[in-house]
Amino acid sequence: MSDMEVTGFPTELLLLFTLLIWGLYFLIFYSSPKNKVNQWCCICGFLLSIGVLKEYIYYSGIFYAKEVLLFGVCYPLDELLNSILTAMLYYVAMPCVMIFSFHFCHLESYWPRITRVLKFLVFLPVACFGVVYPWSQTREIPLTNPKAYTIVASYNLIYGLFATLFIIVTLFRERKEISFRQRRLVSIIALLPLWYWLITLFCFHLLKLHELDKLWQGNAFILLFLFIYYVRHLFKSGVWGMRLSREYFDWAGESTDISVNERYLIHMLKGETAKIGWCSQYIRSLGIREAEDELTIIDHSIRHIEEFVRRSNSYSGKIALQWTEIDVEHFFQELKDETTSRWGGEVRIDVDGADEPLYCDYYYMKEVLLNLTDNAIDAMGESGVLTFTCRRPRKNIVLISVSDTGRGIPKEEIPRLFTLYYSSHHDAAHFGMGLPYCQKAVRAHGGYIQVESFTDADRHGTEFTICLPGDHKRKKRKNVLKIKRKERLR
């Protein structure tokens, strides 16, 4: 071990800090590996963690008193590694942050050629610093060359300001978009540790607050908070392109769940059901009266399995939307007519802004609303009030609600409503695929579903609200313009 004095946190805690950062940014990358924002955020995270890694390597004494010959010059290995890692931190990290901000702002979609040039230009200072302040001597800059450190610190702070400005402007421009909440979460996870690092590492040193030189290590607590924050949102609304769901099982029981490929299972059920059906028909043709009751049970089970297979295929199939403009009031009237023809309760329609058309796939949206209607009728029984509502709280958002005055859904069941094959009913008519199918179809439209339910005696009922983007035509025109612009550039 080295006899060097360790300042700040113990070296073991620094190593734990490094692993924590790596774990967080690996999860971010794993959330959506093909997404450029995730890729560059992961790169930035690993580069920014170099500050902690170099402190651990230097103060832990792993390479203490060891030397290496490089280009004819003999260097102490621990100091050389410290200098190289410091150079990567001071010179390379912020250009990567800039590229992250470019992708966050979708800059390559608007100006692909300019973006490629900017990606090259942001790395030019790296080459200049590598020549003027050699990487093998970077560690000494803060101690022996205040002017050089001021230049490097200013370079990092300016890049940080520009990247933050790009992100904030993008958030402000997209504040009414459906994806705004997700992008705000992303910006918090990206910018909070970045600015803590910039302020504590560069600003404090420039202001000669040397007694706070090691305050940057407090980023450990920032990263711990962000790790918890990230995991919480993984299970809540999703973040960085990934969402996890909880599944409960009896871990202490004797039975063991076997994981089976769902498509293979559906295919197998379809084939075996056909064989059983053929055998049932053959036995019936023999005229054995004593077997009639058993054959009826078999035929009923066959129909049940066939319906299960049909719905499973419908759920697992790819949703290809055919966008069209729909008159909301007329659309709701169709749903009302179909509902009142088979149910004796009251159906109400409440449309705000009836002159504005709804832009969606007519078939899939009708399937979704009929499914929600069937659930509402099941909850109410023979009578009750079913209400179709359409609201436009903002120009680019449409809220479609299906509410009932039924018994309501217990709070503990709401988180599991959209879990495939989960159903609170225990009969042959409910397969637990209706709501997952609705969620899948709504997501294909770029929206989401929310549920609010009450089970009290004085207030009971359930409301499913579908949030859809209301500006698809504008986005479609923008995409067409992008394609034409790219064709012109070619």
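Bear in mind that the values here come from a model prediction, so they are computed numbers and not experimental data.
- With contacts defined as side-chain heavy-atom distances shorter than 4.5 Å, the pair Thr373/Leu386 qualifies.
- Residues forming a side chain to side chain donor-acceptor pair (under 3.5 Å) with Gln450 (at least two apart in sequence, or on another chain): none.
- Of the possible donor and acceptor atoms, none in the side chain of Trp40 sits under 3.5 Å from a partner among the backbone N and O of Phe102.
- Residues Leu192 and Leu226 are in side-chain contact: their nearest non-hydrogen atoms beyond the backbone lie under 4.5 Å apart.
- Side-chain atoms of Tyr363 never come within 3.5 Å of backbone atoms of Leu321 as a donor-acceptor pair (strictly under, hydrogens ignored).
- For the pair Leu48 and Pro193, the minimum side-chain heavy-atom distance is 4.5 Å or more.
- In this model, a donor atom of one side chain and an acceptor atom of the other lie less than 3.5 Å apart for Asp337 and Gln333.
- Using modelled atom types, one side-chain atom of Asp361 and one backbone atom of Gln322 make a donor-acceptor pair closer than 3.5 Å.
- The side chain to side chain donor-acceptor pair (under 3.5 Å) pairs that include a residue from residues 20-33 are Trp22-Ser49, Ser31-Tyr230, where partners are two or more places apart or lie in different chains.
- Looking only at distances, a side-chain donor or acceptor of Arg407 sits under 3.5 Å from a matching main-chain atom of Ala379.
- Using a cutoff of 4.0 Å between basic side-chain nitrogens and carboxylate oxygens, Glu108 and Lys36 are not scored as salt-bridged.
- Side-chain polar atoms of Ser401 and Thr465 form a donor-acceptor pair below 3.5 angstrom.
- Among Val451, Leu372, Ile449, the one residue that satisfies the side-chain contact (heavy atoms from CB on, under 4.5 Å) test with Leu435 is Leu372.
- Checked against side chain to side chain donor-acceptor pair (under 3.5 Å), Thr340 has no partners two or more places apart in sequence or in another chain.
- A side-chain donor-acceptor contact under 3.5 Å links Lys119 and His103.
- The backbone N or O of Glu356 lies less than 3.5 Å from a partner atom in the side chain of Arg392, making a donor-acceptor pair.
- Scored by the side chain to side chain donor-acceptor pair (under 3.5 Å) test, Thr462 finds Ser453 as partners (sequence neighbours excluded).
- Between the side chain of Thr455 and the main chain of Pro410, no donor-acceptor pair closer than 3.5 Å is present.
- Counting only residues at least two apart or in different chains, salt bridge (Lys or Arg N to Asp or Glu O under 4.0 Å) contacts with residues 455-469 are absent.
- Ring planes of Tyr282 and Trp278: parallel class, angle under 30° (limits at 30 and 60°).
- Separation of atoms CD1 (Ile199) and CH2 (Trp195) is listed at 6.5 Å; rounding is to 0.5 Å.
- For the pair Arg183 and Phe180, the cation does not sit on the ring face, since its NZ or CZ is not both under 6.0 Å from the ring centre and inside 45° of the axis.
- Within the cation-pi definition used here (under 6.0 Å to the ring centroid, within 45° of the axis), Arg348 does not qualify as a partner of Phe388.
- With sequence neighbours left out, Lys366 forms a side-chain contact (heavy atoms from CB on, under 4.5 Å) with Phe331, Glu334, Leu335, Glu338, Tyr362, Leu370.
- Side-chain atoms of His445 do not come within 3.5 Å of backbone N or O of Cys360 as any donor-acceptor pair.
- In this structure, Arg175 contributes its side chain and Phe172 its backbone to a donor-acceptor pair below 3.5 Å.
- Inspection of the Ser280 and Asp299 side chains reveals an N or O donor paired with an N or O acceptor under 3.5 Å.
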